[in-house]
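Here is the structure we will look at.
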Amino acid sequence: MASDVKKSAAPPEDERVKEMSRFSKALIRPELGAITGAILVFMFFLAVARDTGMFSPEGAMTWSTVSAQFIIIAVGACLLMIAGEFDLSVGSMIGFAGIVIAITSVSWGWPVWLSIMTAFFLAMSIGALNGYIVIKTGLPSFIVSLAFLYILRGLTIFGAIATTRRTIIGGVREAAEGDWLAPLFGGTILTGSFQWLADIGLLDTFSRGSREGQPIVDGIPMLIVWAVGLIVFGHILLTRTRFGNWIYASGGDAQAARYAGVPVNRVKILMFMFTAFCATVFATAQVMEFGSAAADRGLLKEFEAIISVVIGGALLTGGYGSVIGAALGALIFGVVQQGLFFAGVESSLFRVFLGIILLLAVILNTYIRRMITGEK
Amino acid sequence: MTSLFKKVSKISLGVVTALGILSAVTTPAMAQGERFVMIYHSPDSDSWWNTVKNGVNVAAEQMNVTVDIRNPTTGDLADMARIVQQATASNPDGIFVTIADYDVLSGPITDAVDKGIPVITINSGTHEQSEKLGALLHVGQPEYDAGFGAGKRAKSKGVTSFVCVNHYITNPASIERCQGYADALGVDLGTQMIDSGTDPTEIKNKVIAFLRANPDTNGILTLGPTSAHATLAALEEIGRAGDIHYGTFDLSGEIAKAVKSGVIAFAIDQQPYLQGYLPVVILTNLARYGVLPSGHINSGPGFVVKDNIALVEKYAGEYR
């Protein structure tokens, strides 16, 4: 055992690798800027809005849920961006997947598990088609996915009106009752533990209204579970597997990667499918939580995903970035958005603050990265 | 060279055929000749307009006329002004249009009127604006008055402090609704109107955040299904459904259900179906027989409460 440790502690020196102190090695991480940004943002709100209930269990749940939503699409967008491509159809995909679930389950009476699977199948097929067109035509994914932004939104509105003459389709919650797959997206976990926490007095309970006596936070919504799950999956995939290296290689220099035997086309198409998967997770969780799907869900979400990823330190040109960073970027985005309400900022100004803080985060990020890596 | 020419001609032939098929699909069979254009301001994705469109379609079928429905795909009002100009250039038998923004649209709409095209204004805008533009009449709901009416009902139930959940803050009419509500209560609007955005999860959590930060809030006004559904979920989650006096604009299946269960005290129905249906009927009769009602038509506010919900619920989102 002891000899093992000794061995790994002294690897053979490689004269091609520049020597670097352990400290600066630890610093050269794409997510460093996002970590700094997240700490700053939390410090800011701790100073400004500590007494407003923002950091009470209930308040924390509001910004966690909103952040989790951003994280889910940011993880997909992050892996795709590292692989060197964009997907601008994420927002439209969210609307599309939601309407597919609502039409098949409510209007056509399919069991909800089948509707959800159909939505995932259709969304991932479209993701694959998206990727296939990008690979085959060599067009920038920016343009191809922009086309799908319109196509999917249009199909969503058309489909909803043609089948139900409505653009908001309700009744999904009733249809999903007793379904085995639906709680995986719309339910909450650990409700028992939260009730226990309330019983022993660690968690406040409702003192009035229809839910008197129940804990004010009744569990962890599946949205958050999915977000954590996707972060773990994405991070391990990217940093611990050969496929992760392929993703970096495809985005860094696709041609060089091809010469080195990396199946670049397969990697990129799979990443488009993964992005579509994430969008569908987002859509399904939202449909199950609110019990309805609307044709206008997910507007502008593609940009919010990309912004989160960029705050998280990924390069728009691909080949560099991290899932943890993207998740922190999404967290910053969500915390800022919710926190401004707790801080009592004039409501019509909140987009201004949002924009400024996002800009500051990205500048800080870039500055730190340049400082560390010495790149110009 | 010849092969290139062949290729080009092949492609253009394909494009022409495709266009032909497209136009065959989009142009319905000519009825009795009248063609009207409806122009509204919301982006494609706005669900509310569906009821208006259903009204237009029913009227078009009954009257045997064609109605083109146009809107700026992204909700950009400058695009909308362009669409009004295009519609005017196509010489329809009548135009009905929303006055989403008087300054942007007054030029194009006045041009249409001056060209001799009968114009009816619908939905957004005031009676005065409609008259200034030279339109025949206005079919709609005066927004400030509707908000004021809602506020009066809220005041009688003891509301003193409220939140107005605004999911479409860029539309001036939305602010008038909140303002009217505040004025009827006799309180300052101030920060009680929140810019909620349109994502349901975000709206829900913003409402929770607001109620958390302002615990003495005892009244809620939402401006349509987008904000109403998410607010319902928020109240459900914090266990205050039915505890806070809650009024909303517009109807949907879920709002109807909440009115029935008493969570929502009233829903203000501006009866959008009429805003689509009536202009088609009025313009057709004007074109055929020269008859025209005098004066504006208030399609709303109609207050939907527990007592009159049954019929409303059946058609919510479709004709109501």
Side-chain angles (χ1 to χ4, degrees), chain A residues 49 52-54 56 58-59 61-63 65-66 68-69 95 150 153-154 156-157 160-161 164-171 206 208-212 214 216 218 223 285-286 289-292 294-301 304 334 337-339 341-351, chain B residues 42-51 53-54 57 73 164 166 169 175 190-202 204-210 212-215 225-226 229-230 232-244 252-257 263 316-319:
Chain A
T52 57
M54 180 175 173
S56 69
E58 187 197 9
M61 195 54 85
T62 69
W63 51 257
T65 313
V66 170
Q69 228 188 206
Y150 287 110
R153 184 66 69 191
T156 306
I157 299 170
I161 292 180
T164 62
R165 306 183 77 168
R166 300 174 191 202
T167 51
I168 299 182
I169 306 176
F206 286 112
R208 58 175 173 177
S210 54
R211 293 176 57 186
E212 201 177 329
Q214 292 179 27
I216 47 175
D218 63 354
L223 209 55
Q286 206 164 60
E289 186 182 357
F290 290 94
S292 70
D296 59 356
R297 293 271 163 84
L299 275 181
L300 291 180
K301 282 287 169 282
E304 291 171 358
Q337 207 189 52
Q338 283 299 120
F341 272 81
F342 284 105
V345 172
E346 162 68 33
S347 173
S348 48
L349 281 178
F350 107 85
R351 286 173 217 270
Chain B
S42 299
D44 283 342
S45 48
D46 193 323
S47 59
W48 186 85
W49 285 91
N50 194 37
T51 316
K53 289 183 198 166
N54 284 342
N57 291 336
T73 45
C164 185
N166 192 340
I169 204 154
I175 300 169
T191 55
Q192 300 187 93
M193 177 174 73
I194 58 172
D195 177 358
S196 67
T198 56
D199 181 83
T201 307
E202 286 167 34
K204 176 181 147 189
N205 285 294
K206 279 177 189 169
V207 171
I208 292 175
F210 186 94
R212 173 95 201 176
N214 305 277
T226 306
H229 294 172
L232 279 173
L235 291 180
E236 191 62 42
E237 179 153 328
I238 59 172
R240 293 195 65 190
D243 178 37
I244 297 183
S252 70
E254 260 170 77
I255 292 176
K257 222 180 287 165
V263 174
E318 208 169 333
Y319 300 109

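Everything numeric in this text was worked out from a predicted model, so none of it was measured. Basis for what follows: all heavy atoms, side chains included, without hydrogens, waters or symmetry-related copies. In what follows, chains are A, B, ... by sequence order, proteins preceding strands, each numbered from 1.
Atom CE of A:M61 and atom CD1 of B:I238 lie 14.0 Å apart (nearest 0.5 Å). Distance check, rounded to the nearest 0.5 Å: OG1 of A:T62 to NZ of B:K206 gives 11.0 Å.
The side-chain heavy atoms of A:F290 and B:T201, taken from C-beta on, include a pair separated by under 4.5 Å. Residues B:T226 and A:D296 have side chains in contact (heavy-atom distance under 4.5 Å, counting atoms from C-beta outward). Contact annotation: the side chain of A:E289 never approaches that of B:P200 to less than 4.5 Å [non-hydrogen atoms, C-beta and beyond].
Within the 4.5 angstrom heavy-atom criterion, no atom of B:S252 approaches chain A. Only the side chain of B:E254 comes within contact range of chain A, judged by heavy atoms closer than 4.5 Å. Both the backbone and the side chain of B:A230 come within less than 4.5 Å of a heavy atom of chain A.
Considering all non-hydrogen atoms of both residues, A:Q338 and B:E202 come closest at OE1-O, 4.0 Å.
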- Please walk me through it: do B:D199 and A:Q69 pass side chain to side chain contact (heavy atoms under 4.5 Å, CB included)? CA-CA 10 Å; B:D199 181 83; A:Q69 228 188 206; 2.9 Å; yes
